[in-house]
Colleague: 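Below: one structure in structure tokens.
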2 protein chains.
Amino acid sequence: MDQNVTWWKFDEVETFMRAGFEAVGVPDFEAKSCAEVLIAADQRGVDSHGVGRYKPIYLDRIWAGIQNPKTNFDVVKETPTTAVIDGHNGMGLYIATRAMEMAIEKADKYGLGMTVVRNSTHYGAAFYYARMAVENGMIGMTTTNARPSIAPTWGVEPMLGTNPMTWGMPSDEDFPFMLDCATSVTQRGKLELYDRLGKDLPDGWVIGQDGSYRHDTKQVLVDLTKDLAALTPLGGQGEDLGGYKGYGYGTDLHPRRERA
Amino acid sequence: MDQNVTWWKFDEVETFMRAGFEAVGVPDFEAKSCAEVLIAADQRGVDSHGVGRYKPIYLDRIWAGIQNPKTNFDVVKETPTTAVIDGHNGMGLYIATRAMEMAIEKADKYGLGMTVVRNSTHYGAAFYYARMAVENGMIGMTTTNARPSIAPTWGVEPMLGTNPMTWGMPSDEDFPFMLDCATSVTQRGKLELYDRLGKDLPDGWVIGQDGSYRHDTKQVLVDLTKDLAALTPLGGQGEDLGGYKGYGYGTDLHPRRERA
């Protein structure tokens, strides 16, 4: 074991995160729920969505006043099988957990259940919520939008998020079928990894303002935040490899405004 | 207008198809329903799934005894929101229409509805069924499996169908949002077009037994039927452009055996 690395047990990290969340005003039950979602990502090896984001995403946003530590979970509309929830910019991790619990309860009673949330915040690793359904013997599906980072086919301006399409299904193996991936070729976390490794980006991942591929990893990470570069949809740029399909899926999963 | 082309009105083609279906034993109401699905594809410009397939897919399969002209639509299981239907290898176009009608009725009453069919046959253009939901003010989703033609990531043997993922949603435009595409980079119909145009295939569409791209269109069309060539999943071969995502989506949509 590397002597320069400090190893923490998962339950220690969880206790640490819960205490931190409570310190910034997240009520204890909600702090527990949020910490669990983040730990679950690390336990599954999804480092990009685990404790590494505890401070840079969640605490920073609470401190910046973008996200409320206390969640006001508000059911706006409800049918036997569906509900529209307003999360009032509370803790996305907790809002999504409760929203999936509601969907599961409805599915348990009526065969299908689906809930949608408005005014939520970053909900972490999507697989967690689909897996909740699996743990109840059900097929689970979840999606969310994300900040614009993907250019539509034939465009160069970031318009779509890396909107994931995520499923979980019970299987006859010892593990369920789980699929959790973005509708883009790649995502920012992978570019950050390339930056740490000092590697250039390959063709097909990022396009610049002139519509040609960008390879300069470090500057791409800066330019992405300024909308001067964009990720490609799954299938890549243009039509050759079916990029319009990834564009379609990403658009499809982009939550729409409610009809009047 | 090209003097060598005979132009038929849509209602003439529909009458022709209905009469033909009835002649091979499809009951009149079901023949009408099947003809409508095929005409709808041509009207939308989806020539690959319209009248061009009337004889090669539907009549040939009925004559070969693969498909029954008379449909026995059998509800095996039912809950308020779901149903499992056995189509007994009847007319897929008619079975899917009725299955979507059932899903719509359930959604109208309970908020959500979903039906699945076993022992169905080729159901034509998927958009038709999603659009039925849209015409009833609902979001529609449909998928189906297909014969194995796509190699999994890092494989060369065709294992997955071009399983489409198809949605329709009402919009605030004059037309709905419709997305109907295969979970592969391309599909056989496009290769047939390249063959007619005498064009070689580009990199990324088809892989051969040695794992490298094939470009010889005519021979690829032969080899695909012998499992000696395979289409790539959306995202292409390997991992560079996220081909494992298309592989995942295609797998996800592959209907599973019912649990005992």
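Reminder, nothing fancy here: chain letters follow the sequence lines and each chain counts from 1.
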Colleague: Please find the pair of heavy atoms, one from B/S184 and one from A/K245, that lie closest to each other, and give the distance.
Modeller: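 What the structure gives for the nearest pair is O-NZ, 2.9 Å.
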Colleague: For the interface with chain B, which of A/A182, A/G204, A/P233 has the highest count of heavy-atom pairs at distances below 4.5 Å?
Modeller: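 Of the options given, most contacts go to A/A182.
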Colleague: Let me know if A/K190 has heavy atoms under 4.5 Å from chain B in its side chain, its backbone, both or neither.
Modeller: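 Side chain only.
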Colleague: What part of B/Q187 gets closer than 4.5 Å to chain A, counting heavy atoms only: side chain, backbone, both or neither?
Modeller: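 For B/Q187, the contact with chain A is made by the side chain alone.
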Colleague: Under 4.5 Å from any heavy atom of chain A, what part of B/T232 do you find: side chain, backbone, both or neither?
Modeller: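 Neither part.
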Colleague: Side chains of B/T183 and A/Y249: does their closest heavy-atom pair fall under 4.5 Å?
Modeller: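 Contact flag for B/T183/A/Y249 side chains = yes.
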Colleague: Using a cut-off of under 4.5 Å on heavy-atom pairs, state which of B/T186, B/D203, B/L234, B/D240 scores highest against chain A.
Modeller: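 The answer is B/L234.
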Colleague: Measuring heavy-atom distances to chain A, does B/A107 have an atom under 4.5 Å in its side chain, in its backbone, in both, or in neither?
Modeller: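 For B/A107, neither part sits under 4.5 Å from chain A.
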Colleague: Please classify the contact of B/L179 with chain A as side chain, backbone, both or neither, using a heavy-atom distance under 4.5 Å.
Modeller: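 For B/L179, the side chain is the part near chain A, not the backbone.
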Colleague: Got a second to check how far B/M141's CE is from A/M141's CE, nearest 0.5 Å?
Modeller: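 So the CE of B/M141 and the CE of A/M141 are separated by 8.0 Å.
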Colleague: Mind ranking B/G243, B/G236, B/G235 by heavy-atom pairs under 4.5 Å with chain A and telling me who comes out on top?
Modeller: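 Heavy-atom pairs under 4.5 Å are most numerous for B/G235.
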Colleague: Of the backbone (N, CA, C, O) and the side chain (C-beta and beyond), which part of B/T81 lies under 4.5 Å from a heavy atom of chain A, both, or neither?
Modeller: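 Both the backbone and the side chain of B/T81 come within 4.5 Å of chain A.
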Colleague: Against chain B, work out which of A/L241, A/L112, A/V185, A/T82 has the most heavy-atom pairs shorter than 4.5 Å and name it.
Modeller: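 Of A/L241, A/L112, A/V185, A/T82, A/L112 has the most heavy-atom pairs under 4.5 Å with chain B.
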Colleague: How about CD on B/E157, more than 12 heavy atoms from neighbouring residues, nucleotides or ligands closer than 6.0 Å, or not?
Modeller: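 It does not: B/E157 CD has 12 such atoms or fewer within range.
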